[in-house]
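Convention: sequence-line order gives letters A, B, ...; per-chain numbering from 1. Basis for what follows: all heavy atoms, side chains included, without hydrogens, waters or symmetry-related copies.
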Amino acid sequence: MEIRAKGYLSPLSEKGKHSLLTYLKEWACTTDAKRIGVMYLILSLFMAVVGGVLSILIRLELMQSGPSIITDDSFYNALPGMHATAMIFFFIIPCFTGVGNFIMPIQIGAPDMAFPKLNLAAFWILPPAALLTFGGFFFNSLPEFGWTAYPPLSTSVYSPIWGADLWVMGIILVGVSSTMAAVNFLATAFNMRCKGMKMFQVPLFTWSIIVTSFLILAATPVLTSALIMLTLERTFPGVFSFFSPAGGGDPILYQHLFWFYSHPAVYIMILPGFGMINEIIPTFSRKHIFGYALMVWSMVAIAVLGFVVWAHHMFATGIAVQIRVGFMFLTMLIAVPTGIKVFSWLATVWGGSIKFDTPMLYALGFLALFPIGGLSGIVLAAVPVDIQLHDTYYVVAHIHYVLVAGSVMTIFAGLYYWFPKMTGRMYNEFWGRVHFWITLVFINVTFFIQHYLGMKGMPRRYYDYDPQFEALNMLSSFGSFVLFAAQFIFLANVVYSSFKGKEAKANSWDDGLHLEWLISSPPDHHNFHEPPVWEPIVRQHVGPDQPGGLWHRYGE
Amino acid sequence: MATHDAAMAGPGPGEESLGVTNGKLGMWTFLVMDAMTFAGFLAAYARLRWAPGSNWPLPIEEFGPVGIQLTALNTFILICSSVSMVHVLAEQLRGNMVAARKWMAVTVIGGLIFLGIQGFEWTHLILDLWPFVYTDATYGFNQNFAATFFSLTGFHGLHVSVGVIYNFILYLGIRNGKIGPEDTSITEIAGLYWHFVDLIWILVFTFVYLI
Ligand SMILES: [Cu+2]
């Protein structure tokens, strides 16, 4: 068989042209950021299916009250934590790393990442980390302490299983991998920009990768330190008791360290998505982004504030009321920079000459649904309300509006947007739209009702619930099945179009402004044949009929 | 065209950069990450020690004046090894690679002595002071005094070990002539790491032994 791929997808050697095995070996050992990015995407989409299957198991069990399909309650206890681990650490975060690897160096006019070998190493840490994390599946030893792993439940006294140790090791490795990627992104973005690409000319997607990398750099190591302490305590319980009150330790200490990472982690999972929306909305509105500088600074503000709100996850632990009120105030403050972004996006669309292709549909769907997750976040930030809603399905609804209607919608927007660039072919627009509409509707069918269930007092993470909640749980489960099934439309579209899709132009959407749209689709091995020069642009927001209002940059 | 391709193959700083090498920027960002890991361990130490009723012994009484003096000597040795690292770069800038190699040897030996003394200290503490670590004996104070001692000095010792290996690789590079007078940025980057390890030790020494 002959491999006839183009651009960076083409085989590097004569032998690779004829042997699939050699071709795959070239991929596995590549230091090309584009290929590494694609490998990240394949791994993360695979893990998304794994996480999806776990969530379907949860929803199947919760369809009816009382034990139904899962007879082993301890297996059920493991499911929510494993679902969260798969989605957070192996789907959303690596997915953004993948798109960042592909697009970011091109956007700043660099031939590759600053440390290509480090890049490859960071990727190859992930598959063994996934095997460790989910290793418990293979010998019936799954940790039942959720993705938060609070001690004392996660100490060797209450979780005396190997699967828990493997899980902790796996998460430490994921952290190492993502900090390696962050070091690489920062060195690349700060040091490898082409001529004319000053910091305040840098496209907003690249800015979002910069800010996210700072978050990873400062937050992830704190989680690593907590997990190392947890491992020491699990392995040598007689010596280390950082978190067990019996040995003079403090379980709340773990929660502080954990949330010091895991609150910023929410922004690690949404800021690159904001960055993608910042690319898509201007392209399909054919206008410059409204308030470029404001977009950058609001992103920085979100990141900085993100480090001083972590205790809002701990309102029910009995910390002092003054501290709780302080954290409540700071948490609500985050709505301000987020609001700035939402209104700037609306102002960008306003008066634009809009095209409704699938990426734009996803961007607008995100714009419509994400504020629901933002608003329920403000509800949860209020101390008295939170004490009532803590650990109920309201929290589940909130986090899924943020992560599914937020992060996942932006991931789809970004993947559809850059699909022609990555593969050199167009996806099928009709099926893209079908996928969008089903996803949009059934996200709401699945998750909206959970707000109500939570308000009524249905606790999260439980195997069983009061029969009065049965009808609404049935509805939510039904929604989740359709939502899950619809994602195979996307996967099929991606696989089919990668081989059979219509060939894409360099500027696949006609109106792409940034450097990735100037080079061929797919790009060649070193992105640019000549070192690119960026003509600085004035991103002004004036009426569409005035100069600079609608852009006419290349050709027109 | 082909020459352009070749010139762009090796990643170096672009036209717009911060004016430093990629490697140096990478090391700085790595050190931010590493500092935050230590911050996690130090925050845990502070929280456990300064909680009401923590039953925390005074370090001077646990380690004894001799113990603290020994560690102070060890601190001095690590600082000296940081100074000799500066000499490596200074000699390299003068083009005197023989002297640079010798100073690098001094740096490596300084790190090794530090690790040796720390190993001795750990052995002494476990065997003589904290037998609860390996027997059923009880300990009169909060056992996290020992636990945080192990986690902080152990994690730092791991960094020293990595630094010793790192510096030794550079020593071999200088000896084989792979690192010449013009490769100062390699030495500078290793120096950043080594000074950072030194700086962290001063924090650990202050927290764990002095106050
Ligand atoms: Cu939070």
Which atom names give the shortest non-hydrogen contact between [X] and [Y], and what distance separates them?
X: A:Ala187; Y: B:Gly26; answer: CB-N, 4.4 Å
X: B:Thr37; Y: A:Pro221; answer: OG1-CB, 3.1 Å
X: B:Gly40; Y: A:Ser225; answer: CA-OG, 3.4 Å

Interchain contact, [X] with chain B, by part (heavy-atom threshold 4.5 Å):
X: A:Pro116; answer: side chain
X: A:Leu217; answer: both
X: A:Tyr254; answer: neither
X: A:Leu257; answer: side chain
X: A:His256; answer: side chain
X: A:Ala114; answer: both
X: A:Ser241; answer: both

Nearest 0.5 Å, what's the [atom1]-[atom2] distance between [X] and [Y]?
X: B:Gln143; Y: A:Ser244; atom1: CD; atom2: OG; result: 8.5 Å
X: B:Thr29; Y: A:Ile216; atom1: OG1; atom2: CD1; result: 12.0 Å
X: B:Phe30; Y: A:Leu118; atom1: CZ; atom2: CG; result: 10.0 Å
X: B:Thr148; Y: A:Phe240; atom1: OG1; atom2: CZ; result: 9.5 Å

Task: A:Asp250 (side chain) donor-acceptor with B:Leu48 (main chain) under 3.5 angstrom - done: no
Task: Heavy-atom pairs under 4.5 Å with chain A, option from B:Asn55, B:Val133, B:Asp136 with the top count - done: B:Val133
Open item on the list: I need the residue from B:Phe150, B:Trp130, B:Phe38, B:Tyr134 with the largest number of non-hydrogen atom pairs under 4.5 Å to chain A.
Closed with: B:Phe150
Crowding at [atom1], [X] (>12 non-hydrogen neighbours, <6.0 Å):
X: B:Asp128; atom1: CG; answer: yes
X: B:Phe120; atom1: CZ; answer: no
X: B:Trp56; atom1: CH2; answer: yes
X: B:Phe168; atom1: CZ; answer: no
X: A:Met169; atom1: CE; answer: no
X: B:Tyr139; atom1: OH; answer: yes

Less than 4.5 Å to any heavy atom of chain A: does that hold for the side chain of [X], its backbone, both, or neither?
X: B:Ala44; result: both
X: B:Asn22; result: both
X: B:Thr21; result: backbone

Open item on the list: Heavy atom to heavy atom, less than 4.5 Å: which residues from residues 190-200 of chain A reach chain B?
Closed with: A:Phe190, A:Asn191, A:Met192, A:Arg193, A:Cys194, A:Lys195, A:Gly196, A:Met197, A:Lys198
Open item on the list: With side-chain contact (heavy atoms from CB on, under 4.5 Å) as the criterion, how do A:Ile108 and B:Glu16 come out once you've worked through the C-alpha distance, each side chain's angles and the decisive distance to 0.1 Å?
Closed with: CA-CA 10 Å; A:Ile108 60 166; B:Glu16 308 281 348; over 6 Å; no
Is there side-chain contact between [X] and [Y], with at least one heavy-atom pair below 4.5 Å?
X: B:Ser151; Y: A:Ile228; answer: no
X: A:Phe260; Y: B:Met36; answer: yes
X: A:Val183; Y: B:Met27; answer: no

- [ ] Please report the C-alpha distance between B:Phe41 and A:Met229 in whole Å, then the side-chain angles of each, then the deciding distance to 0.1 Å, and finally whether the side-chain contact (heavy atoms from CB on, under 4.5 Å) criterion is met.
- [x] CA-CA 8 Å; B:Phe41 282 109; A:Met229 285 187 256; 3.7 Å; yes
